[in-house]
Visitor: 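Have a look at this one.
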Amino acid sequence: MSKLSTNHLPLTTLRSSTHVPININNILDDSLLIEILQRLPCISVLQAKSVCKHWFSLLSDPHFLQTFVRYHDQHQLPFTLIYEFHLWHRHLTTNLHHILHIISKHDIFQSRGFHLDFLPCFQSWESHPIWLVGSYNDLLVCCHLKMSLLQGVYYICNPLTKQWLALPPAPGHHRLADTAIGFITSEKSVSQNSFKLVQIPELDSCPCNGYQFKVNMFCSEVGEWRKFEVTSPRSFARTWQFRPDSVVFKNKFHWLVNSKNIVVFDPSSEFNKGECQILDLPTELNSDIGVCLGYCQDYLKVCQITRGCLDCVLVVWKLQDYVTGNWDLEGKISLHVMVFVENVQLFEFRFSAMEVLAFHPSDVGILYMRFDNQIVICNVGRRTLKVVGEYLQDSSFSVGTCGVFLLMHPCWPSRIPSLPVLNLNKSIMSSP
Amino acid sequence: MASSSSSSLSRVVVKSSDNNLFVVNKKVASQSQLLKQCIDNMEEKGTNDVILIPLSNVTSNILTLVLEYCEKHADFADDDNNNQELKQWDHEFLKKFDYATLNSLTMAADYMVTKSLLNLCCQFIADSIKDLTVQQIRQIFDIKNDFTPQEEADIKNENAWAFR
């Protein structure tokens, strides 16, 4: 059969550019316009709202947001790691600097940088530091300490959209360093979410089985702090390794309280019925050196770098079973078999400090580490190490890790829910 | 007009809104679900005549382009959809057109139920406008700004982070 060509058919001037422009709104019906506009990135959609009234109403419709979210791939989300640390001069004890170092896969943070200067409490990092205390999805929780250091104000913010919310003061006065904090959001629909902030003022040590400790919880749907008690099934002692922020995994908070135990708390088991769970770390871990707790894909993981006189070994364990608390050794690798790409001079491993900062949230083979003053990506599969951030050249400064926070960026940034307006009498009564 | 000697049709005639006739072979026409449906219906009835399908919404200019696309894709119909050569061809194909033509092509692809062309056009338009300013978008799509300055400022303020 001969192939039929359409070329011989009447062809007018359609490929010339001398056409008369025709309003797209008159050519394409709304469903086709949406078909096009849903493919834009979020930032372009928000800009396109100001094109004309018709686009504004199309793009403001909750139906559009549903279509948009359905269209965009939510599996490989870009993420941002925030490394919060202290720098101090080895000889001048007064000169303490509080610094954030950002590693971001989000194009807006890459092009514009990452800033928290939109927060009303922001003055400078040196004078009144804002401490990061939690993160979930793309929302971050900061604590601004007043002079006394005992009373802090919590801010929930979205660093991308610069939306923020200050919470009413938590009941009581507690040192932030003694407080365990957990933050989680949940989505009711695409445009509606809620959050919970949990504060355990003295997750200090639990002397005996059946010990109860106080929990303050702020739930955005309630709009005020509520107190309740949680029972610990076993005793544990908290040590210097403790960091107030939790690892949120499978909707539960996980605090590494010492070199042997993880306290697990499910914030949905509210009000007096609460019981926490204690998980034991693998006994094979060296309890004298730091452990990194995190998750990757569907597993809670811990890892550690142990140093012998000739070698540095990275071990990674994953939790197989929540109920029995069984851990599996996932990998053990000598860092000396790995190659520094681009910085060959570092191969001798003459570092005074080496620690794992975080797991890649979805790539099993990738870990973020700190070697002295450098942040290094460790690719276990390829056996490579790559320096991604160097924050100090001057060796007279020391670095102290405060926390590592992960932000996952969905295709449409999360809104911070507004709080319910409380009945005046009620809020007076419930205030401490 | 040609007629088939076999029991099924090999060609159809498609009529544009401005009354031009296009002879299209079946494999090419089948890239459009609308045309394919018409052909299947006729074949079920056992018609051996060449059938005429009028497309009241598509001008001959645009129909020519849709058929050019269908012809190319019919050639690759047995390949997997990830053919690099075809992807390259798709991109070169759309690159030639102005926005008015792209919009009409999108509408025609939707009307003729040519899903892959529809996706291609929408993605192409979205990619080409995503970095444009609001003013540039109005210009290329011939859209009149019907906001008052205050209204426009309010919308920008509401999502200030997106504007810079």
Side-chain angles (χ1 to χ4, degrees), chain A residues 1-29 31-56 59-60 71 108 111-112 115 118 158-163 413, chain B residues 10-11 16 18 20-25 27-28 59-65 67-68 71 75 96-101 103-104 106-107 110 118-119 121-123 125-127 129-134 137-147 151-152 155-156 158-164:
Chain A
M1 188 168 58
S2 70
K3 221 180 110 188
L4 229 137
S5 167
T6 49
N7 290 345
H8 63 284
L9 288 160
L11 244 177
T12 48
T13 57
L14 82 154
R15 286 180 191 178
S16 75
S17 55
T18 56
H19 76 289
V20 182
I22 307 160
N23 188 327
I24 190 174
N25 296 334
N26 300 335
I27 301 177
L28 299 183
D29 63 22
S31 68
L32 285 179
L33 261 178
I34 286 173
E35 191 71 43
I36 294 170
L37 297 176
Q38 72 177 6
R39 291 158 198 261
L40 293 172
C42 167
I43 191 164
S44 307
V45 169
L46 294 174
Q47 290 177 15
K49 274 185 174 185
S50 63
V51 165
C52 64
K53 285 183 177 168
H54 184 63
W55 284 30
F56 179 79
L59 299 176
S60 304
Y71 178 79
I108 293 188
S111 61
R112 297 180 186 174
H115 306 283
F118 60 90
N158 186 325
L160 185 64
T161 63
K162 303 186 179 186
Q163 195 201 354
Chain B
S10 66
R11 294 173 186 187
S16 67
D18 44 352
N20 281 311
L21 298 182
F22 293 72
V23 183
V24 186
N25 91 25
K27 196 178 174 193
V28 173
T59 64
S60 52
N61 292 346
I62 298 300
L63 186 54
T64 310
L65 300 180
L67 293 177
E68 187 182 339
E71 200 170 293
D75 287 348
K96 296 175 290 197
F97 309 130
D98 55 37
Y99 284 103
T101 310
N103 293 342
S104 305
T106 307
M107 196 224 57
D110 181 52
L118 178 64
N119 285 338
C121 288
C122 291
Q123 191 61 51
I125 297 172
D127 286 345
I129 66 170
K130 74 176 181 350
D131 294 323
L132 300 184
T133 65
V134 171
I137 291 176
R138 287 186 193 128
Q139 227 159 37
I140 62 165
F141 289 144
D142 190 32
I143 298 172
K144 191 176 168 295
N145 178 10
D146 52 1
F147 289 116
E151 285 171 336
E152 195 178 343
I155 294 169
K156 287 187 176 176
E158 198 188 326
N159 295 296
W161 71 276
F163 295 87
R164 207 176 129 105

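Residue numbers begin at 1 in each chain, while the letters A, B, ... track the order of the sequences.
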Visitor: Can you tell which of A/Ser31, A/Ser44, A/Cys42, A/Pro413 has the highest number of heavy-atom pairs within less than 4.5 Å of chain B?
Guide: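 Counting heavy-atom pairs under 4.5 Å, the top option is A/Ser44.
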Visitor: Please look at B/Asn119 and chain A and tell me whether the side chain, the backbone, both or neither of the residue comes under 4.5 angstrom of a heavy atom of that chain.
Guide: both
Visitor: Does any part of the side chain of A/Ile108, heavy atoms only, come nearer than 4.5 Å to the side chain of B/Trp161, both counted from C-beta?
Guide: yes
Visitor: Pick one of side chain, backbone, both or neither for B/Leu118, based on which atoms fall under 4.5 Å of a heavy atom in chain A.
Guide: side chain
Visitor: Just so I know, are the side chains of B/Phe147 and A/Phe56 near enough to count as touching, which here means a heavy-atom distance under 4.5 Å?
Guide: yes
Visitor: For B/Lys130, which atoms come within 4.5 Å of any heavy atom of chain A: side chain, backbone, both, or neither?
Guide: both
Visitor: Side chain, backbone, both or neither: which part of A/Leu28 has a heavy atom under 4.5 Å from chain B?
Guide: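 For A/Leu28, the side chain is the part near chain B, not the backbone.
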Visitor: For chain A, which of B/Glu151, B/Lys27, B/Gln123 has the most heavy-atom pairs under 4.5 Å?
Guide: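 The residue among B/Glu151, B/Lys27, B/Gln123 with the greatest pair count is B/Gln123.
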Visitor: Examine distances only and state if a side-chain atom of A/Gln47 and a backbone atom of B/Thr133 form a donor-acceptor pair shorter than 3.5 Å.
Guide: no
Visitor: Nearest 0.5 Å, please: how far is CG in B/Asp110 from CG in A/Leu32?
Guide: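 The CG atom of A/Leu32 sits 4.0 Å away from the CG atom of B/Asp110.
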Visitor: Go through A/Asn26, A/Leu37, A/Leu160 and name the one with the most non-hydrogen pairs under 4.5 angstrom from chain B.
Guide: A/Leu160
Visitor: Identify the two heavy atoms, one from B/Ala126 and one from A/Arg39, that lie closest to each other, and give their separation to 0.1 Å.
Guide: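 Closest pair (atom of B/Ala126, atom of A/Arg39, distance): CB-CB, 3.7 Å.
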Visitor: Counting heavy-atom pairs under 4.5 Å with chain B, which one of A/Lys49, A/Lys53, A/Glu35 comes out on top?
Guide: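 Among A/Lys49, A/Lys53, A/Glu35, the one with the most close pairs to chain B is A/Lys53.
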Visitor: Using side-chain heavy atoms (C-beta onward) and a distance below 4.5 Å, is A/Ile43 in contact with B/Asn159?
Guide: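 Not touching, per the 4.5 Å side-chain cut-off.
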Visitor: What part of B/Lys144 gets closer than 4.5 Å to chain A, counting heavy atoms only: side chain, backbone, both or neither?
Guide: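 Contact with chain A is through the backbone of B/Lys144 alone.
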Visitor: In Å, rounded to the nearest 0.5 Å, how long is the span from CD1 of B/Ile125 to CG of A/Leu40?
Guide: 10.5 Å
Visitor: Taking the side chain as every heavy atom from C-beta outward, state whether B/Ile143 and A/Trp55 have any atom pair closer than 4.5 Å.
Guide: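 The answer is yes, as the side chains (C-beta and beyond) meet within the 4.5 Å cut-off.
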